[in-house]
Amino acid sequence: MRQEVLNYNPILPSNRNSFKFQQPDPHSMLDLYQITGFPSTQQGKNAHTAVLRGSTAALMSPEGRMNFRTRKSDVDIYAITEHANQIGAGYFIYQIHLPDQSRPREIDILFFTPQRLRDEQRTRYRTFLTTKLVQPGWTILNEEQHTRYKVQSCEELIQRGATRRSLKYLTPSGAARLLLEEDLYAEPWRWSSMKTYFVDSPYSDRQRAQLVNFANLALKTLVEEGRAKDVTQSYRDPQESIYEITDYGSRFYNHPKIDRVRTVWNFVYDQLALLAFSRQGLSPDNFIRVLMKFQSVLTNPVMNYSADIILSHPKSRRRIPTYSHL
């Protein structure tokens, strides 16, 4: 009997057997984090970890130079903290004047409690915080905790993706593909940002290695928890380790279109609720960003959530105009 294995070679870095990557020098991230004043807030004082994420992380040079995709690009940071508010999550939004820049740069710090994250991951149709943790991100505070929460989130999305597609066997690169597709499933407008992360960034191999590394760690953790098995020895000369998912838990999906609508709706609702609760989030710039996301949906009219939309073509030769700050 042939065993179908989900594999996705194009996502692997050039050295297939190595998932190693190097985090950029953290000094500029830490300086910016301190300048915001967030560490002195009640939320910041009780933070388990803080992480720079998104396009600023994907475009950051190995030396720690911050490169911005546009003159108006914001900086996204998330912090997991024991102290939040009555809904367990919110935003602090800062306008920071950086040296040699004519206009202030917006710094968005999304904070949430471990309980809020756990509650989301127990709900089949909520994924707003979980997807943030699996995007490219560099540790500002406490790498051990960052790794723990990131692996936990990768586990959740891998199991959701495997359940949704009735998958039983997959490799680390196949699991990485699922992570991308589960993100696109919830936020189809994200495809253009993900192309920046994993294709157009001059450091795209670094992001790919990070993604496959955490997918691999998540699969190993599923094995340790008795929810998967390493069946690599059952195959002849496999390019990667092969895992069998043995326990999908209580996850189940019966109506693909209805499930998708509920997931996307909850994602949008959760983001707007957090912005509204944070007051500062209701700004003209954030309204413009919502319109830009709507435009991204229009360029993905079939709501495609296959990773092929990001990775099926060779790396773009176009240069991303960036604006630097060290």
Side-chain angles (χ1 to χ4, degrees), residues 8-16 18-25 28-29 51-78 101 105-106 108 131-138 150 173 176-215 288-326:
Y8 196 61
N9 290 335
I11 201 172
L12 287 172
S14 54
N15 182 352
R16 292 174 180 271
S18 175
F19 305 147
K20 293 180 180 179
F21 62 94
Q22 184 174 2
Q23 173 161 311
D25 187 290
S28 61
M29 292 185 286
V51 179
L52 178 77
R53 68 168 187 87
S55 62
T56 310
L59 294 172
M60 175 170 276
S61 73
E63 300 77 26
R65 180 180 296 278
M66 287 191 181
N67 296 304
F68 303 102
R69 188 162 46 177
T70 71
R71 294 186 185 278
K72 292 188 176 182
S73 293
D74 58 354
V75 178
D76 291 309
I77 295 173
Y78 71 77
Q101 297 196 21
R105 183 75 60 176
E106 182 175 303
D108 298 344
T131 54
K132 300 293 180 289
L133 271 72
V134 302
Q135 293 168 8
W138 309 121
K150 194 176 183 81
S173 68
R177 180 188 177 97
L178 286 186
L179 294 177
L180 297 181
E181 293 184 341
E182 285 300 294
D183 195 342
L184 287 175
Y185 185 86
E187 44 177 347
W189 52 86
R190 177 65 64 180
W191 76 272
S192 58
S193 296
M194 293 168 77
K195 194 170 183 64
T196 296
Y197 303 161
F198 299 109
V199 178
D200 291 330
S201 167
Y203 314 112
S204 59
D205 273 354
R206 179 186 65 191
Q207 275 83 251
R208 293 184 183 207
Q210 185 195 42
L211 183 69
V212 182
N213 171 71
F214 277 98
I288 291 172
R289 291 188 185 100
V290 171
L291 292 180
M292 290 174 66
K293 290 178 180 179
F294 179 69
Q295 183 182 24
S296 292
V297 172
L298 293 180
T299 57
N300 185 8
V302 296
M303 301 284 277
N304 189 344
Y305 62 94
S306 167
D308 291 342
I309 195 174
I310 307 165
L311 298 162
S312 60
H313 300 293
K315 183 180 289 192
S316 168
R317 291 181 179 272
R318 74 182 182 89
R319 178 181 178 274
I320 302 178
T322 57
Y323 302 86
S324 299
H325 167 66
L326 183 59

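All figures in this text were calculated on a predicted structure; none of them were measured in a lab.
With no hydrogens or angles considered, no side-chain donor-acceptor pair links Ser201 and Arg206 at under 3.5 Å.
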Using atom types as modelled, flag every donor-acceptor pair under 3.5 Å from a side chain in residues 52-60 to any protein atom, sequence neighbours excluded.
from	atom 1	to	atom 2	distance (Å)
Arg53	NH1	Gln135	OE1	2.9
Thr56	OG1	Asp74	O	3.4

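Atoms CZ and CG, from Arg208 and Leu180 in turn, are 9.5 Å apart once rounded to the nearest 0.5 Å. How far OG of Ser193 is from CG of Asp200: 11.0 Å, rounded to the nearest 0.5 Å. The CD1 atom of Ile310 sits 8.0 Å away from the CG atom of Asp183 when rounded to the nearest 0.5 Å.
No donor-acceptor pair closer than 3.5 Å links the side chain of Glu181 to the backbone N or O of Ser306. Although no hydrogens or angles enter the test, the distance criterion places a donor-acceptor pair under 3.5 Å between the side chain of Ser28 and the main chain of Gly64.
Taking the side chain as every heavy atom from C-beta outward, Glu182 and Leu184 never approach each other to under 4.5 Å. Proximity of Met29 to Gln23: side-chain heavy atoms (C-beta onward) are separated by under 4.5 Å at one or more points. Taking the side chain as every heavy atom from C-beta outward, Pro24 and Met66 never approach each other to under 4.5 Å.
Classified by interplanar angle (parallel below 30°, tilted 30° to 60°, perpendicular above 60°), the ring pair Phe21/Phe214 is tilted.
In terms of heavy atoms, Ala215 sits closest to Leu179 at CB-CD1, 4.1 Å.
Qualifying side-chain hydrogen bond (donor to acceptor under 3.5 Å, both in side chains) partners for Gln210, counting only residues two or more places apart in sequence or in other chains: none. For Tyr197, there are no ring pair (Phe, Tyr, Trp, His ring centres under 6.0 Å) partners two or more places apart in sequence or in a different chain.
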Run Arg177 and Asp308 through salt bridge (charged side-chain N to carboxylate O under 4.0 Å, His left out) and show every step you take. CA-CA 9 Å; Arg177 180 188 177 97; Asp308 291 342; 3.3 Å; yes

